[in-house]
Amino acid sequence: MKILITGNMGYVGPSVVKQLRASYPDATLVGFDIGYFGNCITSAAVLPECRVDQQYFADIRQFPEEILKDVEAVIHLAGISNDPIGNRFEEVTQDINYRASIDLPKKAKEAGVKSFIFASSCSMYGAAEDSARTEKSPLNPLTAYAKSKVFTERDLEPLASKKFRITCLRFSTACGWSDRLRLDLVLNDFVAGAVASKKITILSDGTPWRPLINVKDMARAIDWAIRRELNNVGDFLAVNIGSDEWNYQVKDLAKAVAKVIPGVDISINKNAQPDKRSYRVNFKLFKSLALDYQPTVSLVESIEELKNGLEAIGFKDGEFRNSKYMRLNVLTELREKGLVNEKLQWINK
Ligand SMILES: NC(=O)c1ccc[n+]([C@@H]2O[C@H](COP(=O)([O-])OP(=O)(O)OC[C@H]3O[C@@H](n4cnc5c(N)ncnc54)[C@H](O)[C@@H]3O)[C@@H](O)[C@H]2O)c1
């Protein structure tokens, strides 16, 4: 079996590759990434890409279809991965997350790929705190990033067929340790603040709801999606990925971190503009389809693994929000150094 993983050199990718290596020891794993965060290695003794059989450094916007020869499954993680980057590079976000993300499955279908798995996001529910949203609930994307995911799902659906299964995994907000750690994610940010300076600074009033999931459990959900032909749910499936117990208010996440790391001061910005991005999500469909692939890592375990990982690398940067642990900062620096152009294409490649 040959599996292509796009965007494997980001935060989620290394966990996915480890999971697939364990589940499919004989598979040929192929990575494809533009490499924006290639040198943002946190702790790995071994470059995570050594675990794939082939690694392509290229832009998904000019995807060479010959790579798809003999590929059975495509796991499409490549993309602009948060709201701040989406706001700063709005058109690029639509180009990569939407247009290129529809071009790829068209080529994949043509090449005889059987299964296409798209890393979608629960952020497409937008402002949705009154009741937990199911896959049938109306979508309300509030940002360029969330809109790109909605457009892609919409245009993926008609491409699905018996021979070309499409699974859109609407992931909760990720958390947990990774060989390429990001700290621009709510729980990771709180643990980093607690470890570095015994301070958690909540930028909102703390009331927004966020469902969370550990990256290892995201990887297990992807593993399930590859095998999901055993379930009789149709050629196209969009499913919320997380668990009902993991719908948290941001202030409760901060309190959970302070419980694991004592002596931490939590500051809530009571004057903050309300953060409209607040959503509760219903994960019953995922539970009914994938009982053996439900999230297993607890919130406390996620906090502990982040704390232990950060301490092991001697993390002390109280100003980490200005550091390379934030995806937007890395791209801004690449722009300032003239390494990428305004379309985020490498210059003088
Ligand atoms: N982390 C989360 O909370 C979360 C939640 C829901 C969905 N997702 C989705 O999962 C996917 C992976 O997320 P992540 O946290 O690993 O993000 P990330 O930013 O860490 O990684 C994304 C990877 O995509 C690559 N990439 C970007 N543009 C590319 C292009 N034009 N061509 C080739 N490669 C390109 C980047 O170099 C990077 O390695 C994304 O699609 C994201 O939207 C993430």
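We number each residue from 1, following the sequence as shown. Both counts, for ligands and for their atoms, begin at 1 and track the order of listing.
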Novice: In the protein, what heavy atom is nearest to atom 19 (O) of ligand 1, and what distance, to one decimal place, separates them?
Specialist: S81 OG, 2.6 Å

Novice: Any idea which of G79, A100, A146, S172 brings a heavy atom closest to atom 27 (C) of ligand 1?
Specialist: G79

Novice: How far is atom 20 (O) of ligand 1 from the closest protein heavy atom, and which atom is that?
Specialist: Y11 N, 2.8 Å

Novice: Could you point out which residue of N188, D184, D179 forms a side chain to side chain donor-acceptor pair (under 3.5 Å) with Y11?
Specialist: N188

Novice: Report the member of I60, D95, V16, I222 with the shortest heavy-atom distance to atom 30 (C) of ligand 1.
Specialist: I60

Novice: Considering only the protein, which heavy-atom contact is closest to atom 28 (N) of ligand 1, and what is its distance?
Specialist: Y36 CE1, 3.5 Å

Novice: Are Y279 and F283 linked, directly or through other ILVMFWY residues, by side chains that come within less than 4.5 angstrom of each other?
Specialist: yes

Novice: Before signing off on this row, confirm whether S120 and ligand 1 have an N or O atom pair separated by under 3.5 Å.
Specialist: no

Novice: Which ligand 1 atoms are under 4.0 Å away from a heavy-atom of A58?
Specialist: 32 (N), 33 (C)

Novice: Could you tell me whether some N/O pair between G13 and ligand 1 is separated by less than 3.5 angstrom?
Specialist: no

Novice: Could you check I222 against F171 for side chain to side chain contact (heavy atoms under 4.5 Å, CB included), going step by step and ending with a plain yes or no?
Specialist: CA-CA 10 Å; I222 287 170; F171 286 119; 3.9 Å; yes

Novice: Closer than 4.0 Å to some heavy atom of T173 - which atoms of ligand 1 meet that?
Specialist: 3 (O)

Novice: Heavy atoms only: which of F171, F32, Y145 is nearest to atom 42 (C) of ligand 1?
Specialist: Y145

Novice: Does any N/O atom on L185 come nearer than 3.5 Å to any N/O atom on ligand 1?
Specialist: no

Novice: Considering only protein heavy atoms, which is closest to atom 15 (O) of ligand 1, and at what distance to one decimal place?
Specialist: R182 NH1, 2.7 Å

Novice: List the closest protein heavy-atom neighbour of atom 34 (N) of ligand 1: residue, atom name, distance to the nearest 0.1 Å.
Specialist: I34 N, 3.1 Å

Novice: Could an N or O of ligand 1 be found under 3.5 Å from any N or O of M9, whether backbone or side chain?
Specialist: yes

Novice: Suppose I only count heavy atoms of G35 and a 4.0 Å limit; which atoms of ligand 1 are within that range?
Specialist: 37 (O)

Novice: Under 3.5 Å between any N/O of G7 and any N/O of ligand 1: does that happen in this structure?
Specialist: no

Novice: Give the minimum heavy-atom separation between S302 and V297, together with the two atoms involved.
Specialist: OG-CG1, 3.7 Å

Novice: By number and element, which atoms of ligand 1 are closer than 4.0 Å to a non-hydrogen atom of R327?
Specialist: 18 (P), 19 (O), 20 (O)

Novice: Do R133 and S131 pass the side-chain hydrogen bond (donor to acceptor under 3.5 Å, both in side chains) test, and can you show the C-alpha distance, the side-chain angles, and the key distance before you say yes or no?
Specialist: CA-CA 6 Å; R133 295 306 198 254; S131 64; 3.2 Å; yes

Novice: Using the salt bridge (charged side-chain N to carboxylate O under 4.0 Å, His left out) rule, take K149 and E153 through it: C-alpha gap first, then chi angles, then the decisive distance, then the call.
Specialist: CA-CA 6 Å; K149 298 289 184 187; E153 278 199 12; over 6 Å; no

Novice: Under 3.5 Å, is there a donor-acceptor pair between the E305 and N214 side chains?
Specialist: yes

Novice: Which atoms from ligand 1 have a heavy atom of I96 less than 4.0 Å away?
Specialist: 28 (N), 31 (N)

Novice: On the six-membered ring of Y36, is R327 placed so that its NZ or CZ lies under 6.0 angstrom from the centre and within 45° of the ring axis?
Specialist: no

Novice: Return the closest protein heavy atom for atom 21 (O) of ligand 1 as residue, atom name and distance.
Specialist: G10 CA, 3.4 Å

Novice: Could you go step by step and tell me if K147 and E90 meet the salt bridge (charged side-chain N to carboxylate O under 4.0 Å, His left out) rule?
Specialist: CA-CA 10 Å; K147 281 178 191 152; E90 209 167 318; over 6 Å; no

Novice: Evaluate H76 for polar contact with ligand 1, using N/O atom pairs at a separation under 3.5 Å.
Specialist: no

Novice: Does K149 reach ligand 1, in the sense of a heavy atom lying below 4.0 Å from it?
Specialist: yes

Novice: Hey, does A174 come in under 3.5 Å of ligand 1, counting only N/O atoms on both sides?
Specialist: yes

Novice: For atom 36 (C) of ligand 1, which candidate among D59, D33, I213 holds the nearest heavy atom?
Specialist: D33

Novice: Should the ring pair Y56 and F32 be called parallel, tilted or perpendicular, given that the plane angle runs from 0 to 90° and is split at 30 and 60?
Specialist: tilted

Novice: Linking I/L/V/M/F/W/Y whenever any side-chain heavy atoms sit under 4.5 Å apart, do I41 and V330 land together?
Specialist: no

Novice: How far is atom 41 (O) of ligand 1 from its nearest protein heavy atom, and which residue and atom name does that atom have?
Specialist: L77 O, 2.8 Å

Novice: Verify salt bridge (charged side-chain N to carboxylate O under 4.0 Å, His left out) between D223 and R220, making sure each step is shown before the conclusion.
Specialist: CA-CA 5 Å; D223 193 349; R220 293 176 65 248; over 6 Å; no

Novice: List the closest protein heavy-atom neighbour of atom 16 (O) of ligand 1: residue, atom name, distance to the nearest 0.1 Å.
Specialist: V12 N, 2.8 Å

Novice: State whether a side-chain donor-acceptor pair under 3.5 Å links Y125 with N240.
Specialist: yes

Novice: List, one per line, each side-chain donor-acceptor pair under 3.5 Å for residues 63-75, sequence neighbours excluded.
Specialist:
none

Novice: Could you list the residues that satisfy side-chain hydrogen bond (donor to acceptor under 3.5 Å, both in side chains) with Y98, not counting sequence neighbours?
Specialist: R154, D155

